[in-house]
Protein chains: 2
Amino acid sequence: MRPHDHGDCIRRVLDEAERRAAEDRVNFTPVRRHALEILLESHAAMPAYGLLKRLDADGFGSQPPVAYRALDFLIEQGFVHKVERLNAFVACMYPHETHTPAFLICRNCRSVAETCVAPTPAALLREARAAGFAIERSMMEAEGLCRDCAREEDAPCD
Amino acid sequence: MRPHDHGDCIRRVLDEAERRAAEDRVNFTPVRRHALEILLESHAAMPAYGLLKRLDADGFGSQPPVAYRALDFLIEQGFVHKVERLNAFVACMYPHETHTPAFLICRNCRSVAETCVAPTPAALLREARAAGFAIERSMMEAEGLCRDCAREEDAPCD
DNA sequence: TTTTCATAGGTTATACTATAACATTCCAGC
DNA sequence: GCTGGAATGTTATAGTATAACCTATGAAAA
């Protein structure tokens, strides 16, 4: 993850979510908003039960559906993505555009970088068309080493 | 899924797996082989506990590690892929080449078509390079409607 | 106003997915 | 025959997700 003003990051996404929710007339309730805030705290993926623990600590209830319902809503609205490889969730960094999420997942520090690629890669579209398959959603996930962790592995004093 | 001779399909993949296992001097034991045979029976993705049930019925043991160990081996060897979206497993249709699996997952019949696309899409590679991220593996999964199910949805007598 | 309906949230229970940890067996190579 | 590694057997438990049913709230219809 490149250094950046994370406060800005949070505000920008939260404002955009607020705006979009109002525009779409969907109910951005306190528990939903707070779930998004929690996910925005870091760029690492958070498991549902990690989110639940935080929601519980903040007085929103302790049962799994509390977390899963908030996540369902946030994903539906495109504010959050599920990282399938990790069974974990990250706030979307590009809530202003519909897109196919593509993740770079660090196997060392579990950080997740969301990158901006085309909605669906042309090669896959071609294959789908040839097979008569109608793509509705797609996703890409890559695993490897982020810049920082690669540096560490190189270090002689590992 | 296009009509095809599924017997051929199975034999081809099984032979190739056998050959590769011998070549790589890995131990293609009965339970591992049988797990692959079970997964090859259909192009739908099978959950680990579905596989386990089948293995148990065929006398290979009833405890989860039985299935997960076989799957670990088969995935390691590239004979099987995990479909993350479904938490389920499919036999690889291209065991003779190292590749990035790309799946077309039908939301209706759960069939999974593995398509042949480039190892990692150029756009993602570019993004990764820009972020200083070293990709080690990647995958793509698309959800939608397969040819057959699309036909059904169109049907007036739905 | 009262009814009605849809949406959100509370609560309990349970199903599904995956791995840790340790014991045992078997075989290859010394 | 001993030794060490790989595979398997077995028990227990951790982690992920949803079903089902109930209550509250509020806006729209009657």
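Fair warning: this is a prediction, and the values are worked out from it, not measured in the lab. These values consider heavy atoms only, across backbone and side chains, with no hydrogens, waters or symmetry-generated copies. Protein chains get the first letters and strands the later ones, always in sequence-line order, with residue 1 at the start of each.
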Next item on the list: Using the ring pair (Phe, Tyr, Trp, His ring centres under 6.0 Å) rule, collect all pairs that involve residues 98-127 of chain A, keeping only residues at least two apart or in two chains.
Entry: A:His81-A:His99, A:His81-A:Phe103
Checklist line | B:His34 side chain vs B:Thr29 backbone, donor-acceptor pair below 3.5 Å | finding: no
Checklist line | Main-chain N/O of B:Glu84 paired to B:Glu141 side chain as donor or acceptor, under 3.5 Å | finding: yes
Notebook entry, point to check: With sequence neighbours left out, what residues match B:Tyr68 under ring-ring contact (aromatic ring centres under 6.0 Å, His included)?
Noted result: none
Notebook entry, point to check: Which nucleotide span of DNA chain C, 5' end to 3' end, has atoms closer than 4.0 Å to non-hydrogen atoms of chain A?
Noted result: C:dA8 to C:dT12
Item checked: Residue whose closest nucleotide on DNA chain C lies nearer the 5' end, A:Pro65 versus A:Tyr49 -> A:Pro65
Checklist line | Where chain B begins and ends its contact with DNA chain D, read 5' to 3' at 4.0 Å from heavy atoms | finding: D:dA7 to D:dT11
Next item on the list: List for me each residue that meets side chain to side chain donor-acceptor pair (under 3.5 Å) alongside A:Arg137, sequence neighbours excluded, and say none if there are none.
Entry: B:Glu143
Next item on the list: For DNA chain C, determine which residues of residues 66-91 of chain A have any heavy atom closer than 4.0 angstrom to one of its atoms, and list them numerically.
Entry: A:Arg69
Notebook entry, point to check: Do side-chain atoms of B:Arg107 reach the backbone of B:Cys146 as a donor and acceptor pair under 3.5 angstrom?
Noted result: no
Next item on the list: Between B:Gly61 and A:Ala48, name the one whose nearest nucleotide on DNA chain D is closer to the 5' end.
Entry: B:Gly61
Checklist line | Closest contact, heavy atoms only, B:Met93 versus B:Cys9 | finding: SD-SG, 3.9 Å
Next item on the list: Inspect the contact between B:Glu16 and B:Arg12 and indicate whether a charged nitrogen and a carboxylate oxygen are less than 4.0 angstrom apart.
Entry: no
Check: Side chain of B:Arg147, backbone of A:Ala131: donor and acceptor closer than 3.5 Å?
Finding: yes
Item checked: Rounded distance [0.5 Å steps], CZ in B:Arg32 versus CG in B:Leu55 -> 12.5 Å
